[in-house]
Structure formats: C-alpha cells, structure tokens
Protein chains: 2
Amino acid sequence: MIDYGRFMIEFRANAYVWTQVRDELRQRILGGTYRPGQVVPSETTLVQEFGVARNTIRKAIAALREEGLIMTVPHLGSFVSERPAPGPSDPEG
Amino acid sequence: MIDYGRFMIEFRANAYVWTQVRDELRQRILGGTYRPGQVVPSETTLVQEFGVARNTIRKAIAALREEGLIMTVPHLGSFVSERPAPGPSDPEG
DNA sequence: ACCCATTTGTGCGTATGTATA
DNA sequence: TTATACATACGCACAAATGGG
C-alpha cells in the first residue's frame, strides 16, 4: 500500500505518501471497516501500521476531516461521521 | 567511548535532548546514584529537574528500558534492574 | 466503601530542524 | 524556493491503576 521508496515516488510523481494514506483510510471508512461513530485508530497506531511519520498521518487525517468523513476531538481522537459524504474523486491538493 | 560490556556509552554521538537525558540517567544507574531495586524518579520529577518535556523524558526512559537497565511498572514507576549494577564504591549498603 | 494524590499510559496540537526532490 | 517527509521537542489534557488515609 505504501510505497515511500524513492523509486515508486519517481514513477508516480503525484502519489504522495500522505495521499495514499488518505485514500486508504477513506476506503476503510466508506467500505465500513471504520464505522460511523467509531473512533479511527490513533495517530500513533497509524504511524506504526503504515510505517510513516506522524506528520504524514496527520496530513491525511486533516484531509479526511476537511472532506467531512471524520471529526476530530482534541485529546480523544478522530471519529467517523454518522453520514459520511462520498469522498471526492481525488482532488490531489 | 567507554565499554560497559553490553552497554555501549557513546559520547558526542548525538546532541539531542532525549539522548542527553538518557545518557545522564544511564550514568546515574551505572554509577550507583540509582541503585538496583530502587525506583527511578518519576517522569514529572525528571521533567522538573531536567527542564524538558515529559515526552522527552519518556523517550529517554524507553531507551533505557530497551537496554534492560530499568523496568517500568505502570502506575508505580521505573525501577533499576538488578543485573547492571557495577557500583564503583557501594556506599552504605 | 470512599476519596485523593501520584504515576504511567495515551492522545492530540503545535513548532522546529533536517533531508530530499 | 517550495513541497514532501521524517525526527525531535514542548505543551496540554484525560484515562487508568496504585496506594495511603
């Protein structure tokens, strides 16, 4: 899923790590892996799972928050919105 | 460079705050300031003493724990391991 | 049983430094 | 110069467990 190796970055110039994380998390939300009302795994957990920096995770989370897919409560976590709007077809910042 | 056997102390290697805290605490353990079985000062105490963030203290503690120098018991504290106790003078006990 | 302070565990928010493309 | 990414660092807040009254 994550290809942060220099090579893949070269081949897919627009496939930034944070967008890949964002897309994967979006898939999990829309696919039901993360259900409405439930908490999204913590930043630390996602850092360990994806093997990327915390800032990268935070950037992906922020994007999903702006999409309305999740809501972040400080010191508690990010929660899947009850009626998640379908994600945009990859605006790509 | 000083070789303590299984513990390699590296001076000048890094200037990071957390490594400096780690090195200082390691010195206190190996030097007998913190003796085996005794509890290491709490994170809050170390925060006040070193004047750094708690996360930084925790990072140093975690490093020493991975080295086997200390063992952490949740809600109680971190305790100096029995094994690595080459106290130079063994004062009063 | 209760309260309360202590302590570690956890988590988010923010800022900075470094490296790379 | 800018954007991406990682690591470090500080701050703050809350949870959970321990232990002493």
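Note on naming: letters A, B, ... go to the chains in the order of the sequence lines (proteins, then strands), and numbering restarts at 1 for each one.
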*For A:Glu49, check side chain to side chain donor-acceptor pair (under 3.5 Å) against everything at least two apart and list the hits.*
A:Arg28
*Can you tell me how far CD of A:Gln48 sits from OG of A:Ser42, rounded to the nearest 0.5 angstrom?*
7.5 Å
*Please state how far atom CZ in B:Arg22 lies from atom P in D:dT8, giving the value in whole angstrom units.*
11 Å
*Whole angstrom value for the distance that separates C1' of D:dT4 from CD of A:Gln20*: 12 Å
*Please give, in whole Å, the distance from D:dC6 C1' to B:Tyr16 OH?*
10 Å
*Which residues, ordered by chain and number, are linked to A:Phe79 in its hydrophobic cluster, where ILVMFWY side chains connect at heavy-atom gaps below 4.5 Å, directly or through other members?*
A:Val39, A:Val73, A:Leu76
_Heavy-atom protein contacts under 4.0 Å, nucleotides 9-16 of chain C, coded B base, S sugar-phosphate only, - none_ = BBBBBB-B
_side chain to side chain donor-acceptor pair (under 3.5 Å) against B:Ser78, all qualifying residues, sequence neighbours excluded_ = B:Thr72
_All side-chain contact (heavy atoms from CB on, under 4.5 Å) counterparts of B:Pro74, not counting sequence neighbours_ = none
*asked:* Tell me every residue that passes side chain to side chain donor-acceptor pair (under 3.5 Å) with A:Thr33, counting only those two or more places apart in sequence or in another chain.
replied: none
*Does B:Lys59 make a side-chain N or O approach to OP1 or OP2 of D:dT8 shorter than 4.0 Å?*
yes
*Should A:Thr56 be listed as having a side-chain N or O under 4.0 Å from OP1 or OP2 of D:dC6?*
yes
